[in-house]
Amino acid sequence: MKNNYYITTPIYYPSASPHMGHAYSSIIADFFARFKRMQGFNVFYLTGTDEHGQKIERAAKEKKKDPLVFCDEISKTFKDLTKTLNLSNDDFIRTTENRHKKSAKNIWNILEKKGEIYLSKYSGWYSVSDEAFYTEEELEIINGSKVSKLSGSTVEWVEEESYFFKLSKWQEPLLKFYSENQDFILPISRKNEVLSFVKSGLKDLSVSRKSFKWGIPVPSNKDHIMYVWLDALTNYLSALNYPDENDKMYKSFWPADLHIIGKDILRFHAVYWPAFLLAADIKPPKRVYGHGWILSGDQKMSKSKGNILDPLQIIDIYGLDALRYYLIKEVSFGNDGNISKEKLENCINSDLANNYGNLCQRVVSFSEKNTNLKISNNITFNEEDKSVLSNYSKNYDKIISFVDNQDINSYINFVVEQLFVANKYFNDQEPWKKKSDLLRLNTIIYTSLELIRKVTILLYPIIPDTSKKVMKIFNLNLNDIKFESIKNDEFIEKDSQINKIGILFKKIVKND
RNA sequence: GGCGGGGUAGCUCAGUUGGUUAGAGCGCGGGACUCAUAAGCCCGAGGUCAGUGGUUCGAUCCCACUUCCCGCUACCA
């Protein structure tokens, strides 16, 4: 059985610095990557930057920089972000790299050879910043310049020779593909949007530009460069050493298991991308998940509203794991979510400090005071112990299906429930009243520690740093973070010594 | 304008293949305990499940209409 798992983030467009949306996509993808890895899968997690296009060319020009130099600088901030967010990505691809250019050109050649691309002429109003053409009706005039009603960006009249991809031809095959792959687009609400869009009729897609130079040249015609999306989407193949279809990477990981994207780029991933691939006779990816946006308060973050929450700043104040936990727990995955300092602080205090951090602390500290941090080899579970411990083995398959269905919220709700269970267990057993019954005392401590170990494993994909820290209580390390081990109720070594740990999450004291 | 999704406790959201007292977390109020980051545990407050009408023995869940919100899409050119 194939035991590989390929997950991607979008490649980010480095015309500006990373923001919360980038952080969110990457953290979500990291959650899946880490879970599948600890489940035993051979995971390839890809992220990177999409560096071509007119927008970049102009931004570089404004700063009087060579486009590549400009991209080098900004791409680096995204690469740095992978470290800041503690992403477990296996590769970082840039569309300016040769391996990618080779791959993109190959796709082009195949499409052209198969007659899927033809030369024609396009004229219309084009927005550089949106990378889209608009019809007259989609435009309005503000302050004397023509702008998109939708995005408000200015457009310019473009009239040029262009290559077209025969997208219209793929309308029916796409619909067939969607119906044969019911879960290709998630969440369902997004799938409906795509279906109705495709059903309403597809027009051929302009896939080359002549008006600027910053891009991958069309192999057969140096006057043209490839449309950024055809170029960019191909990155998912490039990182697998495509076009070498016999390469081990390609054979192992294509088709991709999951493209994590924001809802704003759904059409490119759910329509154009599978169409390009079908036309090139390459299997489309298995799933595209379009998540929502992270709003600040109830509004989109924007400079003019002054409500921008910079992920770097948040991490600086509250710590990375707090942000990761918040984004995964508090955002209903698939819908727009909301972040504010107040909500974040609430979440840190109640879930991370009070519930989880304090749980670890109280058990270890109790052990320190009563059994000198020694784990007895004489442990006898009673029915109550067995019952709480069995929550994990009992729900083992369910947890996996939560992940495989991208039901992140059910996953974390299960985790939080287990935190309650563990706290309640310790409370109800009242070990402080059992000091004369050493067998029982040791068993309660052992059971509590096992509960902590198990929940910590489930927390690992969410808050990896903290999890690793907690595992040190038991002298365990990353190699011991195996999903399967949550079924084992006696994983912690008997007749051993556990370690104290410091405060995991400091409570945030509100002064108002 | 068309299509789709949605309006459930102060807040964020679950849920009901239609059936006795509608759920969780946070927040709030009270209680018992003391191992712990004054954390944890227990109890509670109570929302006409957007509105109206219909189907049904019975609807928050089905149907129709109204209204509000959101997404996609189109057009009046």
Side-chain angles (χ1 to χ4, degrees), chain A residues 134-140 149-150 185 187-203 262-267 270-271 290-295 297-300 325-327 329-340 342-371 373 402 407-435 441 444-445 447-449 451-452 500-510:
Chain A
Y134 290 109
T135 60
E136 196 68 42
E137 293 76 33
E138 291 171 312
L139 302 170
E140 60 188 343
K149 283 180 186 170
L150 218 64
I185 302 162
I188 301 287
S189 52
R190 302 270 161 240
K191 174 183 161 184
N192 293 337
E193 285 171 18
V194 171
L195 284 183
S196 72
F197 172 75
V198 174
K199 280 179 186 160
S200 75
L202 296 176
K203 282 183 247 166
K263 62 182 182 180
D264 49 323
I265 52 173
L266 183 65
R267 186 187 299 173
V271 181
H291 66 65
W293 286 330
I294 306 302
L295 311 175
D298 271 331
Q299 299 177 308
K300 245 184 120 165
Y325 184 89
Y326 182 90
L327 290 175
K329 161 102 188 306
E330 296 297 324
V331 176
S332 163
F333 191 51
N335 299 324
D336 289 353
N338 228 292
I339 186 167
S340 68
E342 194 190 348
K343 286 183 170 184
L344 180 59
E345 289 176 1
N346 264 338
C347 175
I348 292 169
N349 283 352
S350 57
D351 281 31
L352 295 174
N354 293 349
N355 235 329
Y356 180 54
N358 184 57
L359 170 70
C360 298
Q361 208 62 232
R362 73 193 293 206
V363 173
V364 171
S365 169
F366 185 83
S367 164
E368 183 188 12
K369 285 180 185 159
N370 295 282
T371 62
L373 297 172
F402 287 154
D407 188 356
I408 296 183
N409 298 103
S410 293
Y411 179 95
I412 197 159
N413 286 342
F414 177 81
V415 172
V416 172
E417 206 180 300
Q418 296 319 307
L419 291 175
F420 290 138
V421 166
N423 268 313
K424 181 171 166 51
Y425 169 83
F426 198 72
N427 229 81
D428 291 354
Q429 296 307 313
E430 301 181 307
W432 47 90
K433 288 184 183 167
K434 309 273 163 66
K435 293 186 182 176
L441 189 72
I444 293 169
I445 292 172
T447 304
S448 301
L449 289 171
L451 293 178
I452 289 173
K500 286 173 67 176
I501 48 161
I503 298 286
L504 294 175
F505 296 94
K506 242 191 205 157
K507 271 193 86 158
I508 293 151
V509 184
K510 291 171 198 175

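This structure is a prediction, so every number in the text was calculated from the model and none was measured. Just so it is clear: chains get the letters A, B, ... in the order the sequence lines come, proteins before strands, and each one is counted from 1.
Using the Watson-Crick or G-U wobble rule with both distances under 3.5 Å, B:rG4 pairs with B:rC70. B:rA14 is unpaired under the Watson-Crick or G-U wobble criterion, no partner having all donor-acceptor distances under 3.5 Å. When Watson-Crick and G-U wobble pairs are counted only if both distances are under 3.5 Å, B:rC33 pairs with no nucleotide at all. Remark: B:rC65 base-pairs with B:rG51. Criterion, Watson-Crick or G-U wobble with two distances under 3.5 Å. Base pairing of B:rA22 is not made with any nucleotide, judged by Watson-Crick or G-U wobble geometry with both donor-acceptor distances under 3.5 Å.
One finds no side-chain N or O of A:K343 lying less than 4.0 angstrom from the OP1 or OP2 phosphate oxygen of B:rC11. Between A:K424 and B:rC42, a side-chain N or O to OP1/OP2 separation shorter than 4.0 Å is present. A sub-4.0 Å separation between OP1 or OP2 of B:rG25 and a side-chain N or O of A:K329 is absent.
One interatomic measurement links the two molecules: CG of A:N427 to C1' of B:rG40, which rounds to 5 Å at whole-angstrom precision. Counting to the nearest Å, the P atom of B:rG4 and the CG atom of A:N192 are 9 Å from each other. Atom CD in A:E330 sits roughly 13 Å away from atom P in B:rA14 (whole-Å rounding). Atom CD1 in A:I185 sits about 15 Å away from atom C1' in B:rG71, given to the nearest Å. One atom, CZ of A:F426, and another, C1' of B:rA39, lie 13 Å apart when rounded to the nearest Å. Distance CD (A:E193) to C1' (B:rC72): 5 Å, rounded to an integer number of Å. Atom P of nucleotide B:rU37 and atom CG of A:N346 are separated by 21 Å, given to the nearest angstrom. To the nearest angstrom, P of B:rG40 lies 10 Å from CG of A:N349.
Ion pairing between A:E330 and A:K343 fails under the 4.0 Å rule for side-chain N and carboxylate O.
Residue A:F420 is classed as a sugar-phosphate contact, given heavy-atom separations below 4.0 Å to backbone atoms only. Within the nucleic acid shown, A:L195 has no heavy atom closer than 4.0 Å to any nucleic acid atom.
In this structure, the side chain of A:N423 engages the main chain of A:N355 through a donor-acceptor pair within 3.5 Å. Between the A:N349 side chain and the A:I508 main chain, a donor and an acceptor come within less than 3.5 Å of each other. Counting only distance, with no hydrogens or angles, the side chain of A:T371 and the backbone of A:S367 share a donor-acceptor pair below 3.5 Å. Proximity of a side-chain donor or acceptor of A:K434 to a complementary backbone N or O of A:Q429 within less than 3.5 Å is detected. Judged by distance alone, the side chain of A:N409 and the main-chain N or O of A:F333 form a donor-acceptor pair under 3.5 Å.
On the P atoms, B:rG15 is 14 Å away from B:rC62, given to the nearest whole Å. Here the separation of B:rU56 from B:rG4, taken at their C1' atoms, is 29 Å to the nearest Å. If you take atom P in B:rA59 and the same atom in B:rA50, they sit 15 Å apart, rounded to whole Å. On the C1' atoms, B:rC49 is 10 Å away from B:rG7, given to the nearest whole Å. Taking the P atom of each, B:rU17 and B:rG23 are spaced 15 Å apart, rounded to whole Å. B:rC28 and B:rA39 have their P atoms separated by 10 Å, with the value rounded to a whole Å. B:rU67 sits 16 Å from B:rG51 when the P atoms are compared, rounded to a whole Å. When the P atom is used for both B:rG53 and B:rC61, the distance is 13 Å, rounded to whole Å.
Taking the side chain of A:L504 as heavy atoms from C-beta on, and the options B:rU37, B:rG40, B:rA14, the nearest nucleotide is B:rU37. Distances were taken from every side-chain heavy atom of A:K435 (C-beta onward) to each of B:rC26, B:rA14, B:rC35; the shortest belongs to B:rC35. The side chain of A:W432 sits closest to B:rC33 out of B:rA14, B:rU37, B:rC33.
Counting atom types as modelled, A:N354 pairs no side-chain N or O with a base atom of B:rA39 as donor and acceptor under 3.5 Å.
Each of A:D336 and A:N355 has a nearest nucleotide on RNA chain B; the 5'-most of these lies closest to A:D336. Two residues, A:K263 and A:S365, neighbour RNA chain B, and the one matched to the more 5' nucleotide by heavy-atom proximity is A:S365.
The aromatic rings of A:F505 and A:Y356 sit tilted relative to each other, their planes meeting at an angle between 30° and 60°.
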